[in-house]
Amino acid sequence: MQLPFPFVEDPEPIALERGRKLFNGANSDFLKGVVAMDGLPAGDRVEVCFAGRSNVGKSSLINALTGRTRLARASNTPGRTQEINFFTLTESHYLVDLPGYGYANAPLPVVEKWQRLLKQYLSGRANLRRAFVLIDSRHGVKDVDEEIMSLLDSSAVTFQVVMTKADKVKEKDRAKIFKQVRERLAKHPAAYPEMVLTSSEKGDGIATLRAIIAGLE
């Protein structure tokens, strides 16, 4: 019997090649950081966004996907970047980096402003094809992750869980953590039925995630 929310199988070679071409480093570039809805670029292409709590490895994953080590800026200060950052992938896709959530040191007005902007973005972006919610493989789903997944449910935005830092979790802990993630996902109607297991450091799952994004229309 297959587990609910299995990890996605390896894509076909043609899909892998499509993903490789889309994420060619020469085709990836930072476009702009947005702090208000009127600053969003025209919704004239396929768009995907990445969401995850601070220190989940979001910047590292984006850099691994694009093959650009400094395209997304990783910060040692959780929640430091409070913008919605847009990156271009050729002329066909936008990759969107949402601010890290769950940061304890940010002032409350900053958190509230970000939450308002996030809700507006998710509810009003018709070309947003999928959100990728990053979950640390060492820790599983936390309550703050539940908040973003519930927001995606209410916004009717399909989201797919990407497990990060797979190389950092001990083998003996994997089954328990993945079981917890699957149980949490079962409560969310907007959850895509397959997960992606990745390691930015080792490169695991990167080609698969590229292929998934390249296949969205």
Side-chain angles (χ1 to χ4, degrees), residues 28-63 65-66 71-89 93-136 139-164 181 184-192 209 213 216:
S28 308
D29 207 357
F30 174 73
L31 178 64
K32 65 187 302 188
V34 174
V35 294
M37 288 293 287
D38 58 8
L40 293 176
D44 57 356
R45 62 189 70 184
V46 173
E47 189 165 304
V48 297
C49 68
F50 286 76
R53 67 178 183 270
S54 298
N55 290 338
V56 76
K58 185 153 52 67
S59 295
S60 297
L61 181 65
I62 291 173
N63 290 336
L65 284 169
T66 59
L71 186 64
R73 294 171 295 177
S75 172
N76 292 326
T77 305
R80 181 178 179 182
T81 302
Q82 295 304 309
E83 297 178 337
I84 296 178
N85 290 312
F86 281 77
F87 301 89
T88 56
L89 301 174
H93 288 65
Y94 283 134
L95 189 156
V96 182
D97 180 10
L98 300 178
Y101 54 81
Y103 39 89
N105 296 326
L108 183 59
V110 172
V111 176
E112 291 176 342
K113 180 181 178 181
W114 173 79
Q115 289 175 335
R116 286 195 301 271
L117 177 60
L118 179 61
K119 289 178 182 178
Q120 291 172 338
Y121 167 74
L122 292 175
S123 300
R125 199 65 175 166
N127 61 315
L128 179 61
R129 294 294 184 266
R130 188 171 300 174
F132 293 94
V133 176
L134 277 53
I135 303 295
D136 192 322
H139 307 305
V141 175
K142 293 185 176 292
D143 290 343
V144 69
D145 298 312
E146 289 278 9
E147 293 177 16
I148 191 72
M149 292 191 287
S150 295
L151 178 56
L152 289 160
D153 288 337
S154 63
S155 301
V157 174
T158 299
F159 70 88
Q160 186 165 13
V161 160
V162 176
M163 304 295 295
T164 63
V181 174
R184 292 289 192 102
L185 283 179
K187 305 173 185 177
H188 294 280
Y192 190 80
L209 188 51
I213 294 170
L216 297 172

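Residues take their numbers from the sequence shown, with the count starting at 1.
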Notebook entry, point to check: Can you list every pair that meets salt bridge (charged side-chain N to carboxylate O under 4.0 Å, His left out) and has a residue in residues 123-132, with sequence neighbours left out?
Noted result: E47-R125
Check: What residues, two or more places apart in sequence or in another chain, satisfy side-chain hydrogen bond (donor to acceptor under 3.5 Å, both in side chains) together with H139?
Finding: none
Margin query: Return the OG to CG distance between S59 and D97, rounded to the nearest 0.5 Å.
Written below: 5.5 Å
Notebook entry, point to check: Where is the tightest heavy-atom contact between G140 and V181, given as atom of each residue plus distance?
Noted result: CA-CG2, 3.9 Å
Next item on the list: Output the distance between atom NZ (K187) and atom CG (D153), rounded to the nearest 0.5 Å.
Entry: 12.0 Å
Margin query: Testing the basics here: between T164 and V56, what is the closest heavy-atom pair and its distance to 0.1 Å?
Written below: OG1-O, 2.8 Å
Item checked: Residues which pass side chain to side chain contact (heavy atoms under 4.5 Å, CB included) with A51, listed by chain and number, not counting sequence neighbours -> L98, Y101, I148
Note to self: How close do K32 and P41 get, counting heavy atoms only, and between which atoms?
What the structure shows: CD-CD, 4.2 Å
Checklist line | Heavy-atom closest pair, residues N85 and G33 | finding: OD1-CA, 3.4 Å
Note to self: Please report the interatomic distance CZ(F87) to CZ(F50), rounded to the nearest 0.5 Å.
What the structure shows: 10.5 Å
Next item on the list: Show the numbers, then the answer: is there a side chain to side chain contact (heavy atoms under 4.5 Å, CB included) between T88 and S28?
Entry: CA-CA 5 Å; T88 56; S28 308; over 6 Å; no
Item checked: Non-hydrogen atoms of L216 and H93 that approach each other most closely -> O-NE2, 3.9 Å
Next item on the list: Decide yes or no for L185 and M149: does some side-chain heavy atom of the first lie under 4.5 Å from some side-chain heavy atom of the second?
Entry: yes
Check: Which pairs pass salt bridge (charged side-chain N to carboxylate O under 4.0 Å, His left out) with one or both residues in residues 110-119, sequence neighbours excluded?
Finding: none
Checklist line | Separation between OH of Y192 and CZ of F132, rounded to the nearest 0.5 Å | finding: 9.0 Å
Next item on the list: Kindly indicate whether the side chain of E83, heavy atoms from C-beta on, has any atom under 4.5 Å from the side chain of V34.
Entry: no
Checklist line | Which atom of F86 lies closest to which atom of I84, heavy atoms considered | finding: CE1-CG2, 3.6 Å
Next item on the list: Look up atom CG in L209 and atom CG in L61, then write down how far apart they are to the nearest 0.5 Å.
Entry: 6.0 Å
Margin query: Just so I know, are the side chains of K142 and D136 near enough to count as touching, which here means a heavy-atom distance under 4.5 Å?
Written below: no
Margin query: Measuring from atom CG of L118 to atom OG of S155, what distance do you get when rounded to the nearest 0.5 angstrom?
Written below: 7.5 Å
Notebook entry, point to check: Can you find a heavy atom in the side chain of V162 that is under 4.5 Å from one in the side chain of I135?
Noted result: no
Note to self: Side chains of L152 and L122, heavy atoms from C-beta outward: is any pair under 4.5 Å?
What the structure shows: yes
Notebook entry, point to check: Ignoring hydrogens and geometry, is there a side-chain-to-backbone donor-acceptor pair from S154 to L151 under 3.5 Å?
Noted result: yes
Next item on the list: Mind checking side-chain hydrogen bond (donor to acceptor under 3.5 Å, both in side chains) for E146 and listing every partner two or more places apart, or none if nothing turns up?
Entry: R184, H188
Item checked: Residues forming a side chain to side chain contact (heavy atoms under 4.5 Å, CB included) with D44, sequence neighbours excluded -> A42, Y94
Note to self: Please determine whether side chain to side chain contact (heavy atoms under 4.5 Å, CB included) holds for the pair V133 and Q160, giving the CA-CA distance in whole Å, both sets of side-chain angles, and the decisive distance to 0.1 Å.
What the structure shows: CA-CA 6 Å; V133 176; Q160 186 165 13; over 6 Å; no
